[in-house]
Amino acid sequence: MSIVHGGNVYELSALAGCSPKEILDFSASINPLGPPPGLDEVLSDCLGLLQSYPDIHCLRLTEAIAKFHDIDPACIVVGNGSTELIYWLPRALGVQRALAVLPAFGEYVKAFELQGTRVEKIFPSPEESFQPRVKHLEAALRKESFEAVLLTHPSSPAGSLLHEETIDWIAKKSVGSAPFLLVDEVFVDFCDHASLRPFVEKANNLALIRSFTKFYGLPGLRIGYLLAPPGIAGRVRNFLPPWSVSTPAQAAGAWCLTRDEYRLKTLELIEEQRRRLAVGLSAIPGLEVFPSAANFLLVRMGQGLGSASRLKWEIFERHRLLIRDCGSFEGLGERYFRVAVRLPEQNERLVKALNESLCGAL
């Protein structure tokens with residue numbers, strides 16, 4: 001099963017015969033500020049420790065996460081990026097039948113299907129912000145006894161939060177025995193007030209996937225973690241390979257959680273630029289921009305504008321701008337694309353390029 005991802009600047013630069021640095025990447029939704037200032041010194045201090053194995057228990061990072069979230073360390077599992085945890089979860093939990101709410105990050109369905117799990121899928125409509133209503137979830141669970149339900153909050157690639165009634169439903173279901181509720185929260189740092197974290201310590205069957213990749217701009221370091229009741233966390237922890245999180249990654253993650261000024265600056269920047277970018281894109285005839293709580297925007301092209309794939313290649317070849325064609329997301333179509341929220345002048349450059357390309361198509 002092949003999954004398409006954004007951020008493939010190395011492959012595209014090789015095809016185009018240019019440097020990756022010449023590509024302005026809107027396809028991967030990473031903090032445009034880059035990693036917190038001063039991180040280079042933290043990583044430099046780790047060089048003398050590279051002759052030793054990393055801390056096998058990730059104690060420093062686990063304690064930092066526990067302090068940051070005010071949660072019991074026993075509820076935390078650290079992994080080599082959230083994707084590693086996604087792939088171990090089906091095996092650790094022994095799930096045979098799962099319900100997935102799509103569109104979503106493709107690795108979830110792939111990870112469960114590779115483990116032999118039979119996955120049923122539901123597709124909330126654009127009018128429902130691509131998030132499930134309780135009636136949809138209950139109807140699916142009456143139809144079949146699923147052992148796990150996969151949701152995203154905020155959703156990807158739409159950026160919408162779960163409906164309030166669905167959050168209440170999760171809170172009630174999480175104290176039961178089934179189904180297991182897996183919620184992707186890798187973008188929730190951009191709207192942390194909405195996190196389901198307060199439910200974790202009282203829950204029996206809830207797990208939240210979190211990541212340092214998006215908010216802290218660290219895709220190259222691979223740091224992710226799971227928040228779950230101690231029983232579930234322990235089961236997952238037992239399946240992880242030893243030393244999967246490097247010494248620099250552990251040090252970087254623990255340090256990043258102390259950067260309060262950086263967090264505030266990021267939130268202010270993303271909120272303002274998301275609003276301005278949405279206004280700029282909406283002003284282009286034929287584009288519909290979906291509301292988002294994350295650091296990206298999902299856009300639907302009107303009939304007659306062609307496909308998002310064509311648009312992607314056109315603005316890449318002409319402007320070296322890379323957007324995310326969402327045709328590979330199950331539940332979307334060829335007229336959807338996603339763009340990351342970047343710095344003001346970069347966002348303006350994108351709007352200008354899209355306007356130039358699309359107005360000529362009308």
Side-chain angles (χ1 to χ4, degrees), residues 6 26-27 29 99-106 108-109 120-141 149-173 181-197 199 206 208-211 214-215 267 270-284 286-303 308 323-341:
F26 284 86
S27 72
S29 302
L99 175 67
V101 179
L102 302 181
F105 184 48
Y108 283 100
V109 171
E120 185 78 16
K121 305 164 186 176
I122 59 173
F123 300 90
S125 69
E127 292 71 29
E128 295 162 325
S129 301
F130 301 98
Q131 288 286 21
R133 295 291 187 177
V134 170
K135 61 183 179 181
H136 300 141
L137 297 168
E138 288 289 1
L141 291 173
V149 178
L150 315 178
L151 307 111
T152 55
H153 181 65
S155 65
S156 176
S160 54
L161 295 171
L162 289 165
H163 302 295
E164 186 174 341
E165 63 165 0
T166 307
I167 293 175
D168 291 340
W169 181 85
I170 291 172
K172 294 174 183 176
K173 286 286 186 181
L181 303 168
L182 174 61
V183 183
D184 179 321
E185 284 198 341
V186 301
F187 286 102
V188 85
D189 292 277
F190 295 98
C191 49
D192 194 59
H193 65 281
S195 175
L196 305 185
R197 181 181 64 253
F199 302 142
L206 173 67
L208 311 179
I209 293 284
R210 302 288 296 250
S211 173
K214 317 298 183 181
F215 192 88
L267 292 172
I270 296 301
E271 182 177 2
E272 172 64 16
Q273 291 308 309
R274 181 177 60 220
R275 182 189 63 79
R276 295 185 64 179
L277 180 57
V279 169
L281 293 172
S282 297
I284 299 175
L287 293 189
E288 178 186 0
V289 182
F290 291 89
S292 171
N295 63 329
F296 55 82
L297 294 168
L298 180 68
V299 183
R300 180 165 58 186
M301 302 167 61
Q303 297 285 354
I323 65 174
R324 180 73 156 90
D325 165 19
C326 291
S328 62
F329 281 93
E330 194 172 359
L332 296 182
E334 63 175 11
R335 294 190 291 122
Y336 288 85
F337 66 89
R338 187 189 71 189
V339 294
V341 177

CH2-CG distance between Trp169 and Leu162, expressed to the nearest 0.5 angstrom: 10.0 Å
Restricting to non-hydrogen atoms, name the atom on Ile170 and the atom on Leu181 that form the minimum distance, rounded to 0.1 Å. O-CD1, 3.7 Å
Nearest heavy atoms of Leu161 and Cys191, plus distance in Å: CD2-SG, 3.8 Å
For Ile167 and Phe199, run side chain to side chain contact (heavy atoms under 4.5 Å, CB included): C-alpha distance rounded to whole Å, both residues' side-chain angles, the deciding distance at 0.1 Å, then the answer. CA-CA 10 Å; Ile167 293 175; Phe199 302 142; 3.8 Å; yes
Using atom types as modelled and distance alone, determine if a side-chain donor or acceptor of Glu185 lies under 3.5 Å from a backbone N or O of Leu196. yes
Roughly how far, to the nearest 0.5 Å, is OG of Ser29 from CG of Asn295? 5.0 Å
Can you measure from CG (Leu99) to CG (Leu182) and round to the nearest 0.5 angstrom? 12.0 Å
Name the residue from Tyr336, Phe296, Phe329 that meets the side-chain contact (heavy atoms from CB on, under 4.5 Å) definition with Arg324. Phe329
Mind checking what makes salt bridge (charged side-chain N to carboxylate O under 4.0 Å, His left out) contact with Arg274, not counting sequence neighbours? none
Does a side-chain heavy-atom distance below 4.5 Å link Arg210 with Ser195? yes
Partner set under side-chain contact (heavy atoms from CB on, under 4.5 Å) for Ser125, not counting sequence neighbours: Glu127, Glu128
Within the side chain of Thr166, is there an N or O that forms a donor-acceptor pair under 3.5 Å with the backbone of Pro132? yes
Mark yes or no for whether Asp184, through its side chain, and Ile209, through its backbone, hold a donor-acceptor pair below 3.5 Å. no
Answer whether the closest heavy-atom distance between the side chains of Ser155 and Thr152 falls below 4.5 Å. yes
Between the NE2 atom in His153 and the CD atom in Gln131, the distance rounded to the nearest 0.5 Å is 8.0 Å
Checking side-chain contact (heavy atoms from CB on, under 4.5 Å) between Phe337 and each of Leu332, Asp325, Ile323, which is the one that passes? Ile323
Non-hydrogen atoms of Phe187 and Ala294 that approach each other most closely: CB-CB, 4.1 Å
Residues at least two apart in sequence or cross-chain that pass salt bridge (charged side-chain N to carboxylate O under 4.0 Å, His left out) with Glu165, listed by chain then number, are Arg133
Answer yes or no: does atom CD of Glu271 have more than 12 heavy-atom neighbours from other residues, nucleotides or ligands under 6.0 Å? no
Using modelled atom types and a 3.5 Å cut-off, is there a donor and acceptor pairing between side-chain atoms of Ser160 and backbone atoms of Ser129? yes
Euclidean distance, Leu141 CG relative to Glu120 CD, rounded to 0.5 Å: 11.0 Å
Mind checking whether Val101 and Leu137 have side chains closer than 4.5 Å, heavy atoms only? yes
Determine whether a donor-acceptor pair (N or O, by modelled atom type, separation under 3.5 Å) exists between the side chain of Glu330 and the backbone of Ala104. no
Decide yes or no for Val186 and Phe105: does some side-chain heavy atom of the first lie under 4.5 Å from some side-chain heavy atom of the second? no
Would you check if Ser292 and Pro154 make a side-chain contact, meaning some heavy-atom pair closer than 4.5 Å? no
Test side chain to side chain contact (heavy atoms under 4.5 Å, CB included) applied to Leu208 and Val188, step by step: CA-CA 10 Å; Leu208 311 179; Val188 85; over 6 Å; no
Which word best sums up how the rings of Phe190 and Phe215 line up, parallel for under 30°, tilted for 30 to 60°, or perpendicular for over 60°? tilted
Which distance, rounded to the nearest 0.5 Å, do you find between the CE of Met301 and the SG of Cys326? 11.5 Å
So do Lys121 and Val109 actually touch side chain to side chain, heavy atoms under 4.5 Å? yes
